[in-house]
There are 2 protein chains.
Amino acid sequence: MSLDTAPASLTATEAARKIRAGEITSEELVQSCLERIEALEDTIGAWTHLDKDYALAQAKAAQAQRQAGESLGPLHGVPVGIKDIFDTRDMPTENGTVLHAGRQPKADSTVVALLRQAGAIIMGKTVTTELAVLHPGKTANPHDPKRTPGGSSSGSAAAVASYMVPLATGSQTNGSMIRPASFCGIYGYKPTHGLISRHGVLPQSRFLDQIGVFSRTLEDAALMAQVLIAHDPNDPDTRPHAPPHLMKTLAGEPPVPPRLAFVTTPAWDEFADDDSKAAFPELMEHLGDSADTLALHKPFVNVYGWLKTIMGADQAMSYRREYERGKDKLSPILVDMIEQGQKVLALDYNQAAATREGLNLLLSEIFDEYDAIVTPASTGQAPLGLDTTGNPIFSTPWTFCGVPAISLPLLQGSDGMPIGVQLVGPRGDDARLLRTARWLVEAVDAE
Amino acid sequence: MSLDTAPASLTATEAARKIRAGEITSEELVQSCLERIEALEDTIGAWTHLDKDYALAQAKAAQAQRQAGESLGPLHGVPVGIKDIFDTRDMPTENGTVLHAGRQPKADSTVVALLRQAGAIIMGKTVTTELAVLHPGKTANPHDPKRTPGGSSSGSAAAVASYMVPLATGSQTNGSMIRPASFCGIYGYKPTHGLISRHGVLPQSRFLDQIGVFSRTLEDAALMAQVLIAHDPNDPDTRPHAPPHLMKTLAGEPPVPPRLAFVTTPAWDEFADDDSKAAFPELMEHLGDSADTLALHKPFVNVYGWLKTIMGADQAMSYRREYERGKDKLSPILVDMIEQGQKVLALDYNQAAATREGLNLLLSEIFDEYDAIVTPASTGQAPLGLDTTGNPIFSTPWTFCGVPAISLPLLQGSDGMPIGVQLVGPRGDDARLLRTARWLVEAVDAE
């Protein structure tokens, strides 16, 4: 993964600073990223739509803007990969299914509009699994092309991990941000449910769908998320509020050393791989008094069933047209999920949904004492084979509760593959979560 | 219904002014209302909990406050009836079912807390139908005790109509505000969904439940609603916003004469009684060029089924404990509704819920051209007999859409019973709706 001194090796924060200062141009950066893509795309398969000339044209327009002395956004000239479920007015958005082949949205999703407003170059569209569920696309893991990059945000995670772009968008309905970040060895940050608008993003489940960002540094994750967190009347779950000061808080010191709660979740025994079972206790030992080991209260055992109930019924509704008109062109696994979802009773659905507030109350008891929960981001190393994207189960409780989560590339498995550490905070306290994450990264680096 | 010059005959606005000015005391007003109750309660049966001494004690405390020169709220000293599904920390809240007999909440509902804060005297608890659904309580119609007062806010509407209190709270999940207001010949105002908090009110359906006010004048409805409209983090459907200036807008003149759309709804042919079928065309004739007759677009034919789907499934969830533990103490009609609701599929539920935004878009086409929709508030005169509360069907489209609605006591049937005219406006434009209502009332009075 080493990259010598090519501009593509820059973080988004560095790149934005250098472009602003005139030390490099956006065109040089985009050109360097395109060369990286040229060299690796055949192996990685991160992109589903990429027009080099159009990317360069955007970079040239950015330069012209700068030369004209216009005010420049925080991502001015920085290329960003867009998961192919985010509508783009100038590129197709095919949602990972042949049923939507050639689909050209008329308008940008709110996220893409905000990125453009911040000066970003919309580099292209990255591979998603089929309709952002489980059936994989063509993408391979940059650390080992025989392994899955995870999903559903497969292309975005792989593109950032292989230095094709410094930033990319993702989304998570169960584990679609945190798992690929863990498998690909990068940062994957999924803010609190409702902070980032889903308008113009393929809707799968209003209850569960959450937007996030991939980056190679924490600072970059904060930079990009800060641009995207905004009230949008088109997403009824976003709210008018003062935006969190992610970058400022991240740059500051914690007033006191954070305390962490290590929570393995009910999935640990059965689903964590041997590498995880060795690495996490080591991490906890290293953290010493800073971390206690906790068990989740009993109702969390049921959260996997509740998520399945809600996700299935929501898929049955969201993908009804695809099911009715093109069932034979959907993967068997998705057809099965939809057909299970069709049978869900409203009573069971609504009772599952109603548990979220109670679960968050239980979590808030933990967060009264601890700054964040430390927990696996995935089953461990990315599994071998490209016919699955791995198991999202270590994200399920946090996605269900809508709490902010971030995967930190801190551990390594016995095959040299990255293993992410997931940090989870209370709803709405995203800035503190990022600051705690930085503390943890530094504590591990100091090892 | 005539009342000579007793303080109980005062409107809330007049009473508040006189108390403030020292022309009458709150105690005199409450005493007068209690005498009215004493005289009529055996016939009307509006109250399920009333402690005269406690009401007078509140009035005395209000006087002491005034004498101490404290700042006085807009309802200072004015008695208000509280539907017995609103929690009160100092009175039982029994929700119209023996299963909740003796239930004493620990805290006030947000509405009751706001009323106390505004200086209101919490007079007592008024009769609701069983769990705010259809099975009637003991209340009779003040205009004819052989007839239903409507429901589910039966006691509140009857108490205001019979001058027992100038104001009362109500709630509407289908037609529980507008229908009793129509049958009892008073104003019933149900603001836009989400303007008034439902925290501490018996939850039946988050999608449908809406809070409202009963009064004998429009000004009083505005006065009380202004007190209650407030963001409450405990009700996730209320939002932070600048409150509408109901009283100020009501007092102003429309900039141009309003235009009204007369909409009979798909229920008209089958469900409107002969008196309505005679009275409404006359009203339209009187309004002449100010009103056009419109048909609702086709999807509104389905709104009755969609509401039933959502209400049934929500009742099955909200009243699950009552059903499981005390089914034999529930009315057959409610048991049947719950059992129907248990069978509703999540897919059908969510698809029904998803239609609301589209229906509101269709309504907004009407509201682009017309200030308000004029439509029946009920089937017509209150039906004879106390074994039913009548049919809520003329409220169904508006409750489902969450638009503001008000019943105006403008018409009379052949038996001398009142018939309400319902005025409906676009979501969030409550102040204009009240101003248009005043215009309509004056236009009819000028006849």
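Atoms considered below: every heavy atom in the structure, side chains included; atoms not considered: hydrogens, waters and symmetry mates. Throughout, a chain's letter reflects where its sequence line sits, starting with A, and its residues are numbered from 1.
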Please state whether the side chain, the backbone, both or neither of B:R320 comes within less than 4.5 Å of a heavy atom of chain A.
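Side chain only.
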Interface residues of residues 337-352 of chain A facing chain B - heavy atom cut-off under 4.5 Å
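When heavy atoms of chain B are the reference, residues 337-352 of chain A contributes A:Q342, A:K343, A:V344, A:L345, A:A346, A:L347, A:Y349, A:N350, A:Q351 within the under-4.5 Å range.
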Compare every heavy atom of A:A354 with every heavy atom of B:M317, then report the nearest pair and how far apart it is.
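Heavy-atom minimum between the residues: CE-CB, 3.9 Å.
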Within a radius of less than 6.0 Å around NE2 of A:H245, do more than 12 heavy atoms belonging to other residues, nucleotides or ligands occur?
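No - once you tally the heavy atoms of other residues, nucleotides and ligands closer than 6.0 Å, there are 12 at most.
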Can you list the residues that meet the salt bridge (charged side-chain N to carboxylate O under 4.0 Å, His left out) rule with A:D430, with sequence neighbours excluded?
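Counting only residues at least two positions away or on another chain, A:D430 forms no salt bridge (charged side-chain N to carboxylate O under 4.0 Å, His left out).
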